[in-house]
2 protein chains.
Amino acid sequence: MDVGHRLRGEGYRLTPQRQLVWEVLRTAEHHLTAEDIHAEVSRTVPEFNVASVYRTLTLLAELGLAHEVRLGDSRGYWEVAHPDDAFHLVCRVCGRVVHHQGDLVEQVREHLTGGHGFTVEDVDLVVHGVCGDCRQTAVAQ
Amino acid sequence: MDVGHRLRGEGYRLTPQRQLVWEVLRTAEHHLTAEDIHAEVSRTVPEFNVASVYRTLTLLAELGLAHEVRLGDSRGYWEVAHPDDAFHLVCRVCGRVVHHQGDLVEQVREHLTGGHGFTVEDVDLVVHGVCGDCRQTAVAQ
DNA sequence: GTATATGCAAAGTCTTTGCATCGTT
DNA sequence: AACGATGCAAAGACTTTGCATATAC
């Protein structure tokens with residue numbers, strides 16, 4: 001994914017800050033908050049400002065490159081936008097967020113399309129619980 | 001549902017404010033924000049404070065009587081807790097939030113229980129789109 | 001009477017915005 | 001050179017908290 005190309009193609013500029021935000025997001029293992037991204041990019045560009053994180057994320061979202069998820073608390077979490085239908089499993093114990101692939105989201109879509117008169121645009125499915133690792137640890141004790 | 005009994009049973013007190021918050025929530029047709037509830041109760045108790053709304057809602061949630069939903073924006077929306085598995089359809093056009101009954105949430109639960117090692121505690125499913133009424137209006141124009 | 005709940009105001013968290021300056025194109 | 005992007009600081013939206021007073025039990 002060449003962000004520079006995408007940005008310029010839409011009349012936007014490629015700045016070091018935007019490039020860095022994208023790099024951090026793209027290589028992230030978890031979902032990141034704006035503050036996470038700010039902290040990471042600041043290591044390279046010390047004067048980097050949180051406002052720019054929000055502005056960049058909003059822009060990336062408009063281009064369909066990034067996606068914000070609400071996982072239950074008041075913060076927004078960010079990830080690279082996935083074309084596929086996935087949802088999030090949030091572990092109450094370790095806090096990890098796992099992407100879960102499956103046809104469940106598609107099922108929801110189909111279910112609602114079938115005569116319920118609701119045109120689905122976006123399905124947000126977040127499941128809270130305890131992940132396998134934490135469950136095992138709890139049992140072992 | 002006798003809130004007074006429930007509250008006192010757990011060592012809490014039944015105040016006019018709590019009673020009113022509960023009444024507003026119980027008889028509401030839509031999901032309400034803390035501000036909505038504050039405005040409504042203020043009609044009866046003018047000096048009623050928003051802080052008390054939050055404190056009361058938190059308490060009602062702990063007792064399992066109320067439930068907070070995040071519908072995508074930064075606000076929390078409140079409803080009477082339902083024992084059944086339901087999810088929310090949010091219309092992008094008219095803003096209405098519809099409760100949708102069905103076995104989809106149950107399916108998610110079963111799907112994850114079946115060998116994925118994740119113990120499900122809470123399934124939050126919010127679907128954004130266009131409701132039947134708004135769709136028809138759009139087509140008719 | 002006593003401990004809990006309230007009102008009020010202040011602070012806290014997360015995000016957005018206005019504006020002068022800087023830098024990509 | 002022009003105009004969009006940034007940094008900074010201030011404000012905004014929503015929610016929580018500290019503390020003195022009031023009130024349900």
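Note that the structure is a prediction, hence the values are computed from the model and not measured. Chain letters run A, B, ... following the sequence lines, proteins first and then strands; every chain starts at 1.
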Quick check on the helix from C/dG1-D/dC25 to C/dT25-D/dA1: what's the angle between its two end axes, five base pairs per end, to the nearest 10°?
30°

Measure from CG on B/L20 to P on C/dT6 and round the result to the nearest Å.
11 Å

Calculate the interatomic distance between A/E10 atom CD and D/dC3 atom C1'; express it in whole Å.
18 Å

Are side-chain heavy atoms of B/W22 and B/T56 found at a separation under 4.5 Å?
no

B/H88 (side chain) donor-acceptor with B/D124 (main chain) under 3.5 angstrom
no

With DNA chain C as reference, determine whether B/P46 or A/W78 sits nearer its 5' end, using the nearest nucleotide of each.
B/P46

Between A/T33 and A/R75, does any side-chain donor sit less than 3.5 Å from a side-chain acceptor?
no

Provide a list of protein-nucleic acid N or O atom pairs under 3.5 angstrom, restricted to nucleotides 10-14 of chain D.
from	atom 1	to	atom 2	distance (Å)
D/dC14	OP1	B/R75	NE	3.3

Kindly assign one of parallel, tilted or perpendicular to the pair B/H82 and B/H99, based on the angle between their ring planes and the thresholds 30° and 60°.
perpendicular

Rounded to whole Å, NE2 of A/H38 lies from C1' of C/dC14 at a distance of 14 Å

Of A/L59 and B/E68, the one whose nearest nucleotide on DNA chain D sits closer to the 5' end is A/L59

Would you say B/V24 and B/D36 make side-chain contact, with heavy atoms under 4.5 Å?
no

Expressed in angstrom and rounded to an integer, what is the separation of B/L63 atom CG from C/dA5 atom P?
11 Å

Write down the distance between NE2 (A/H5) and P (C/dT25), rounded to a whole number of angstrom.
13 Å

Taking only residues two or more places apart in sequence, or in another chain, which ones meet A/H67 in a side chain to side chain donor-acceptor pair (under 3.5 Å)?
none

Mind listing the N/O atom pairs, protein and nucleotides 22-25 of chain D, below 3.5 Å?
from	atom 1	to	atom 2	distance (Å)
D/dA24	O3'	B/L14	O	3.4
D/dA24	N3	B/R13	NH1	3.3
D/dC25	OP1	B/R8	NH1	2.7
D/dC25	OP1	B/L14	N	3.1

Roughly how far, to the nearest 0.5 Å, is the CZ atom of A/R96 from the SG atom of A/C134?
6.0 Å

Main chain of A/V97, side chain of A/H30: is a donor-acceptor contact present, judged purely on distance under 3.5 Å?
no

Rounded distance (Å) that lies between atom P of C/dG7 and atom CG of B/N49
6 Å

Which atoms of nucleotides 19-21 of chain C (N or O only) lie under 3.5 Å from a protein N or O atom, and what are those distances?
none

Beyond-backbone contact of A/L63 with A/L7, side-chain heavy atoms, under 4.5 angstrom:
yes

Just wondering, do A/E79 and A/H31 contact through their side chains at under 4.5 Å, heavy atoms?
yes

Are the side chain of A/H128 and the backbone of A/L71 linked by a donor-acceptor contact shorter than 3.5 Å?
yes

Name all residues meeting the salt bridge (charged side-chain N to carboxylate O under 4.0 Å, His left out) criterion together with A/E40; count only those two or more places apart in sequence or in a different chain, and write none if there are none.
A/R43

Atom pair distance, as rounded to whole Å: CZ in B/F48 and P in C/dA5:
14 Å

Give the rounded distance in Å between these two atoms: CD of B/Q19 and C1' of C/dA5.
14 Å

Answer whether the closest heavy-atom distance between the side chains of B/V3 and B/L60 falls below 4.5 Å.
yes

A side-chain contact here means heavy atoms from C-beta on lying under 4.5 Å apart; do A/Y12 and A/R18 qualify?
yes

